[in-house]
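Right, one structure below, let's go through it.
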There are 2 protein chains.
Amino acid sequence: MKTRDRIIEAAAALLDSGGEAAVTLRAVGHACGISHNAPYKHFEDRSALLAAVAIRDCVTLSDSFEKLGKERLKPLAKLEKALQVLSQYGRDYPHRYQLLFSDRDIAMQEGELQRAAMAAFSALAELVGECQAGKVLPRVPTVELAGLLYASVHGLIDLQASGRMKTEKGFKDVRHGITLLLRVLSMGSASTGAK
Amino acid sequence: MKTRDRIIEAAAALLDSGGEAAVTLRAVGHACGISHNAPYKHFEDRSALLAAVAIRDCVTLSDSFEKLGKERLKPLAKLEKALQVLSQYGRDYPHRYQLLFSDRDIAMQEGELQRAAMAAFSALAELVGECQAGKVLPRVPTVELAGLLYASVHGLIDLQASGRMKTEKGFKDVRHGITLLLRVLSMGSASTGAK
DNA sequence: ACCTGAACACCGTTCAAGT
DNA sequence: ACCTGAACACCGTTCAAGT
């Protein structure tokens with residue numbers, strides 16, 4: 001495995017176990033058996049290294065969504081499955097989720113990350129469009145509905161990832177929230193609703 | 001003004017202008033005309049100071065929600081106004097918003113912050129309940145609907161605060177997203193819907 | 001009770017030097 | 001092309017000492 005990839009992997013592992021603050025170049029270097037400033041030969045600076053971690057995960061997610069689009073399932077089932085993939089990622093790797101979907105500095109990165117993020121969104125929007133065609137989601141502009149749906153699910157996942165998902169606030173878990181969301185949304189489209 | 005409050009204010013100002021990384025005890029001390037370790041006489045550590053900033057804002061928001069509940073307006077108008085107050089806060093102070101509603105370490109704080117956050121949520125849930133009684137929101141358990149609504153709006157605001165609200169992804173602004181959300185939700189309740 | 005200055009361990013980043 | 005060690009400026013935190 002190339003040094004560059006080993007550095008990314010070490011950074012991801014440190015991020016998972018101790019949060020962003022734990023991703024120090026010294027710890028990364030030590031985990032890879034290199035000096036603390038060797039990473040500078042592979043990445044511009046610390047922020048570029050974190051971006052590389054985010055890009056790797058974003059590409060993985062985007063691929064999952066595209067694969068899901070080709071499965072032979074009902075549109076709504078496909079959409080629900082895609083959203084569960086996202087929420088599973090948020091549950092398993094809360095720090096990486098927040099880096100990819102909630103971090104301000106990461107969002108400023110241009111280029112590769114933007115492209116990967118847009119690809120993921122487009123794959124999701126396509127699934128939403130199929131649901132509308134099948135009359136299981138309301139007939140409002142597709143991109144807008146996809147954006148709103150994505151924002152809502154992001155809200156649920158981020159609430160959990162940040163440790164704010166309390167039962168007193170009406171939350172059981174993200175999966176339950178997504179199911180409720182789709183049910184309430186589909187109520188406004190056709191007679192598919194109920195229970 | 002007490003030194004303690006001046007420290008909080010200085011921290012909030014630094015947070016607004018340069019993000020969390022800019023809130024160094026040295027900068028805070030300098031802004032207050034005291035030494036860089038004087039804040040330790042008022043707060044346990046840096047994280048407790050940040051928590052104090054979050055608590056102050058949370059109490060302000062909670063008060064706003066309570067006041068809104070007493071206004072003479074239609075339930076849905078009250079609810080929409082409350083959500084706009086929240087989104088306005090997110091637009092004006094994105095770093096403070098993310099500290100209060102997206103930061104992991106802040107969420108771990110017990111006591112005062114938890115109480116303020118719960119009070120804010122309860123005030124919101126009450127408005128949701130009024131809407132359901134007025135048949136403009138679907139008849140699902142009130143806390144669950146309030147939780148879902150809060151999560152969705154949080155998702156919209158956080159997307160904007162983190163710099164991810166791109167028009168290609170179907171977003172105009174948070175206000176527009178909230179309106180769309182309430183419209184789609186109310187479609188599934190009674191004949192109030194349409195356009 | 002509140003503040004200061006010096007000190008410590010830790011960090012990102014730079015740079016001259018090595019293979 | 002890739003790596004190292006020393007150095008720099010900057011942190012949070014602690015502590016003895018001052019009023």
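Chain letters run A, B, ... following the sequence lines, proteins first, then strands; residues in each count from 1.
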*asked:* On DNA chain C, does the nearest nucleotide to A:H36 precede the nearest nucleotide to B:A38 from the 5' side, or the other way round? Give the residue.
replied: B:A38

Nearest-nucleotide pick for [X], side chain only, options being [options]:
X: A:D45; options: C:dT13, D:dT4, D:dT13; value: C:dT13
X: B:R26; options: C:dG12, D:dG12, D:dC3; value: D:dG12
X: B:K41; options: C:dT4, D:dC11, D:dC3; value: C:dT4
X: B:T24; options: D:dT13, D:dG12, C:dT13; value: D:dG12

*So B:F171 and A:Y150, would you call those rings parallel, tilted or perpendicular, with 30° and 60° as cut-offs?*
tilted

Nearest-Å distance, [atom1] ([X]) to [atom2] ([N])?
X: B:K2; N: C:dA1; atom1: NZ; atom2: P; result: 14 Å
X: B:E20; N: C:dC11; atom1: CD; atom2: C1'; result: 16 Å
X: B:E44; N: D:dG12; atom1: CD; atom2: P; result: 16 Å
X: B:H30; N: C:dC3; atom1: NE2; atom2: C1'; result: 16 Å
X: B:L49; N: D:dT13; atom1: CG; atom2: P; result: 10 Å
X: B:R4; N: C:dC2; atom1: CZ; atom2: P; result: 11 Å
X: A:R46; N: C:dC11; atom1: CZ; atom2: C1'; result: 9 Å
X: B:L25; N: C:dT4; atom1: CG; atom2: C1'; result: 15 Å

*Rounded distance (nearest 0.5 Å) linking atom CD of A:Q98 with atom CG of B:D103*: 8.0 Å

*Distance from A:T142 atom OG1 to A:L127 atom CG, nearest 0.5 Å?*
11.5 Å

_With a 4.0 Å limit, can you tell me whether B:Y40 has a side-chain N or O closer than that to the phosphate oxygens OP1/OP2 of D:dT14?_
no

*Below 4.0 angstrom from OP1 or OP2 of D:dC2, is there any side-chain N or O of A:S35?*
no

*Is it true that atom CD of B:E112 has more than 12 heavy atoms of other residues, nucleotides or ligands lying nearer than 6.0 Å?*
no

*Should D:dA7 form a Watson-Crick or G-U wobble pair with both distances under 3.5 Å, which nucleotide is its partner?*
C:dT13

*Pair partner, C:dT19 [Watson-Crick or wobble, under 3.5 Å]*: D:dA1

*Select base, sugar-phosphate, or nothing to describe what A:V28 touches, counting heavy atoms under 4.0 Å on all strands.*
nothing

*When all nucleic acid strands are considered with a 4.0 Å heavy-atom cut-off, which category describes A:H42: base, sugar-phosphate, or nothing?*
sugar-phosphate

*Between the side chains of A:D105 and A:S47, is a donor N or O closer than 3.5 angstrom to an acceptor N or O?*
no

*Assess whether one donor atom and one acceptor atom, taken from the side chain of A:N37 and the base of C:dT14, lie less than 3.5 Å apart.*
yes

